[in-house]
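Per chain, numbering begins at 1; letters A, B, ... match sequence-line order.
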Amino acid sequence: MAARALTRGLLGLRHSRTVTLTYSSGHHYATATSVESPQPQVDEYTDKILNQPLQKPDFFRVSELFSLKDLFDARVHLGHKKGCRHRLMEPYLYGCRLNHDIIDLDQTVEHLQLALNFTAHVAYRGGIILFVSRRRQFSHLVECTAKDCEEYAHTRYWQGGLLTNANIQYGSGVRLPDLIIFLSTLNNVFQQHVGIRDAAKMNIPTVGVVDSNCNPSLVTYPIPGNDDTPVTMELYCRLFKMTINRAKDKRKQMEILHGLSAPSTPSSWHE
Amino acid sequence: VFPRISSETWFCILQISSDREQNLSYDMGPAKDKLVVGRIVHVVGDDMYVDFGGKFHCVCRRPAAGGEKLQRGTRVRLRLQDLELTARFLGADTDTTLLEAQAVLLGPLDGREPQNRD
């Protein structure tokens, strides 16, 4: 407001300096008020929408989506044989019975809750989520899951520069995913999927289901669990789908709720 | 941080040995020559993929006699050989796994009524 009055006064003076000032003020004159005045209201609005979910530990109540018994019934605890075990998965194993590794479901419950909570927050803020799995047996399931929650999936051959060379391969200004969910962290030759290393390079957080033969070190939110049985994969896909849909619905709900209560802001008209 | 149901720990559930088709019973012992009931989940020509509650399915060939009865969804009796086919090859760090179990197909589950497998 004060800036506008000042530039008006300077315009009247016809000083040589005002030439540049008029240009800059003329350039910004139309936009100055519309950017300045709603600024405090936009902050309050985003404060309610974006910061309020961060106050509670389980804002989206993801811990109600599953129980330990559900994981047991879906055979999440079954690992590979002892000879296939990865050294770094040993902390997540409950034990080994007759040469078969058993994954500790107490830890799986905690890790799954953390991962689902993080996924919900990313979806709440409108982040792009990419589902990746190189298991051909579950490729259709993963693609359908992604379609149902309006996110993206990549279950085909991963080209080398997909994330790291994206600006050249797909044009400049391409938006990379904000979260990558690996429903199986191995590729078809039992090596770690290239996407895990690339996502770590590009600062993209990852959620990954790590079986007893996988390397959990680069995954941001590992979920120790079985990744080979169809029942288990259906459980994971269902949980992720429910979380993402729940988070998106909550966002719409919060926007309507606060859009009605806040004074007239541009974003409320947009809704 | 998240509410924990202390009574429902992993240890408690493992004690409950369930011999439903969903999970193999834990007092089964070694898998060699154990009889289980499985369900055919996929058929490709002569090969049938049978799920018996373990981590992997097993692949059995359709027998010459009585093969038409065995379609997708049929329950069959199996004699397990191995729950996961793995072997350590020379020069490898870890075992190579075939992602499959091995079992011998004994025949369809006949309609003997007292079969409450719940």
Asker: Just by distance, do the side chain of A:Lys81 and the backbone of B:Glu84 share a donor-acceptor pair under 3.5 Å?
Answerer: yes

Asker: Test salt bridge (Lys or Arg N to Asp or Glu O under 4.0 Å) on B:Lys55 and A:Asp211 and set out the steps.
Answerer: CA-CA 12 Å; B:Lys55 184 168 160 91; A:Asp211 204 347; 2.8 Å; yes

Asker: Can you tell me how far OG1 of B:Thr97 sits from CZ of A:Phe190, rounded to the nearest 0.5 angstrom?
Answerer: 5.5 Å

Asker: Among B:Thr94, B:Leu99, B:Asp95, which residue has the highest count of heavy-atom pairs closer than 4.5 Å to chain A?
Answerer: B:Asp95

Asker: Heavy-atom count check: over 12 atoms from other residues, nucleotides or ligands less than 6.0 Å from B:Lys34 NZ?
Answerer: yes

Asker: At a 4.5 Å cut-off on heavy atoms, which part of B:His42 comes close to chain A: side chain, backbone, both, or neither?
Answerer: neither

Asker: Within a reach of under 6.0 Å around CD of B:Gln71, are more than 12 heavy atoms found that belong to other residues, nucleotides or ligands?
Answerer: yes

Asker: Flag the pair B:Phe56 / A:Asp228 as yes when at least one side-chain heavy-atom distance between them is below 4.5 Å, and no otherwise.
Answerer: yes

Asker: Please output the residues of residues 132-146 of chain A in contact with chain B, using a heavy-atom cutoff of under 4.5 Å, in numerical order.
Answerer: A:Arg135, A:Gln137

Asker: Using 0.5 Å steps for rounding, measure from the NE2 atom of A:His80 to the CG atom of B:Leu83.
Answerer: 13.0 Å

Asker: Check this for me: A:Phe118, atom CZ, are more than 12 non-hydrogen atoms of other residues, nucleotides or ligands nearer than 6.0 Å?
Answerer: yes

Asker: Does B:Arg88 have more than 12 heavy atoms from other residues, nucleotides or ligands lying within 6.0 Å of its CZ?
Answerer: yes

Asker: Going from CG on B:Asp93 to SG on A:Cys84, what distance comes out if it is rounded to the nearest 0.5 angstrom?
Answerer: 12.0 Å

Asker: A:His86 versus chain B, heavy atoms under 4.5 Å apart: side chain, backbone, both or neither?
Answerer: neither

